[in-house]
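No hydrogens, no waters, no symmetry mates; every other heavy atom, side chains included, goes into these values.
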Amino acid sequence: MKALNGKFFRRGIHTNDMKNLAKNCAIEELPASATVDLSLSQHIGKPAVPVVAVGDQVKMGQLIAEADGFVSSRIFASVSGTVAAIGPKRDERGALATFITIKNDGEYSFMPLEGEVDKTDADSLKKRIGQAGIVGLGGAAFPTAVKVSPKTPVDTLIINGAECEPYLTCDYRLMVEKTEEVVTGIRYLKTALGVDKVIVGIEKNKPDCIALFESYDDLTVVKLKERYPMGGEKQLIYCATGKKVPCGKLPSDVGCVVQNIATAYAVYEAVDKNKALYERVLTVSGSAVNERKNLLVKNGTAYKDIIAYCGGAKEDLAMIVDGGPMMGYSVVSDEFVTKKATSGILLLNQKEVSLEEPTPCISCGMCAQVCPMHLMPMDIDFYTIAGDYESADKLGGVTNCIECGACAYICPSKRAIVQNVVIAKAKLRQMKK
Ligand code: SF4
Ligand code: SF4
């Protein structure tokens with residue numbers, strides 16, 4: 001079906017997408033490390049609970065931690081071997097989490113998911129999605145089984161093929177190299193949701209993907225303008241359908257559910273290959289890495305092993321980023337490990353990062369002009385620094401912030417607005433408790 005033109009959301013920013021660095025690198029499989037460290041907090045919701053003990057032998061794909069409640073997710077061994085340790089460690093964001101360490105035996109003996117799936121039955125598909133530990137792989141890591149069970153009826157599944165974060169090309173490679181598998185996963189998601197309409201939103205800078213997905217008659221492809229954050233749920237829903245999700249409401253309140261390309265691929269693998277989510281494709285890019293790649297990486301792999309496979313870092317390395325440059329986090333060590341939602345590892349040089357110290361706000365208003373959520377980022381910044389978190393919300397709207405980073409990108413004073421958003425949200429959560 002010929003692609004339609006999407007609507008355009010005002011605000012947001014136009015960035016140099018830097019996709020040329022890695023977009024032509026075909027997916028390669030990274031050889032597994034000698035050990036993997038699997039966090040039990042790889043998703044939104046309660047940490048998973050270990051079901052193995054130190055000394056146990058496990059297979060690749062075996063359940064090692066069970067979901068703790070409805071909004072939680074299961075964790076699986078990404079290699080076969082021996083459980084070497086279970087205990088607390090700091091994760092890439094500095095939070096303490098429990099990790100299960102597995103010593104790789106080099107055998108890669110595989111344990112498939114148990115049971116049969118009825119591919120035409122919504123409940124059977126939802127059960128398999130939850131059983132496989134699938135979470136949103138676009139970054140949010142929200143358990144997919146919960147997302148495909150909305151409380152209100154929905155009529156449209158929107159697939160996020162925008163991949164609007166600069167540098168990242170892992171979804172692009174899946175769309176190009178695994179088109180049929182991704183479409184199969186999309187169809188399973190459609191059946192699980194019980195909807196008739198599927199829209200695949202793809203930015204116009206990926207004409208080859210648009211052409212590939214146009215050839216499927218049961219999908220509607222919508223061409224999206226290159227604008228950051230086009231992949232934000234509310235922005236994507238508006239551009240793909242014209243529907244506006246009000247503040248404080250969910251996509252399902254306007255009849256939509258959004259899933260991303262890698263998530264659809266994981267659903268295909270869970271249903272057709274009986275494979276749990278224990279590995280994913282991620283992008284290694286940036287001007288400070290010797291070889292850029294799109295790699296299939298086992299969950300729990302240390303960044304340093306990934307970087308070494310990519311020829312190591314260049315001398316001018318200034319920052320390592322987990323994820324994309326807009327919504328990702330700079331990390332202080334290459335000892336941290338990948339999680340289900342790790343979409344990229346960027347090695348950036350001094351030209352690519354701003355190491356300038358913030359200067360006082362000059363009230364230019366540019367942050368508010370670009371904010372896709374129509375918030376007042378300068379007020380969030382001001383009141384958070386003043387320790388008045390309630391005003392950061394009442395006057396700045398911090399709880400509606402999607403942490404896209406557009407305000408910080410545009411700010412001439414280099415204010416650390418997103419860091420203050422994170423602080424204000426955490427303080428408000430504490431105050432509610
Ligand atoms: S305030 Fe939040 S939503 Fe608005 S531009 Fe900044 S990070 Fe994005
Ligand atoms: S863009 Fe920066 S300097 Fe301008 S109003 Fe916003 S915070 Fe202040």
Side chain to side chain donor-acceptor pair (under 3.5 Å) partners of residues 156-165, not counting sequence neighbours, each pair once: none
In a table with atom names and distances, give each donor-acceptor pair under 3.5 Å that connects a side chain of residues 133-154 to protein atoms at least two apart or in another chain.
from   : atom 1 : to     : atom 2 : distance (Å)
Thr144 : OG1    : Ile134 : O      : 3.4
Lys147 : NZ     : Glu233 : OE2    : 2.7
Lys147 : NZ     : Val258 : O      : 2.7
Ser149 : OG     : Ala145 : O      : 2.9
Thr152 : OG1    : Ser252 : O      : 3.2

Shortest non-hydrogen contact between Pro251 and Ile237, atoms and distance: CB-CD1, 3.3 Å
Is the closest side-chain heavy-atom distance between [X] and [Y] below 4.5 Å?
{"X": "Leu38", "Y": "Asn299", "answer": "yes"}
{"X": "Leu40", "Y": "Val49", "answer": "no"}
{"X": "Met230", "Y": "Cys239", "answer": "yes"}
{"X": "Lys298", "Y": "Thr338", "answer": "no"}

With Val182, the side-chain contact (heavy atoms from CB on, under 4.5 Å) member among Val267, Val176, Ile261: Ile261
Distance-only donor-acceptor check, side chains Asp91 and Ser39, under 3.5 Å: no
Distance-only polar pair, side chains of Glu180 and Tyr216, donor-acceptor under 3.5 Å: yes
ring-ring contact (aromatic ring centres under 6.0 Å, His included) against Tyr409, all qualifying residues, sequence neighbours excluded: none
Ionic contact status for Lys178 with Asp272, cut-off 4.0 Å: no
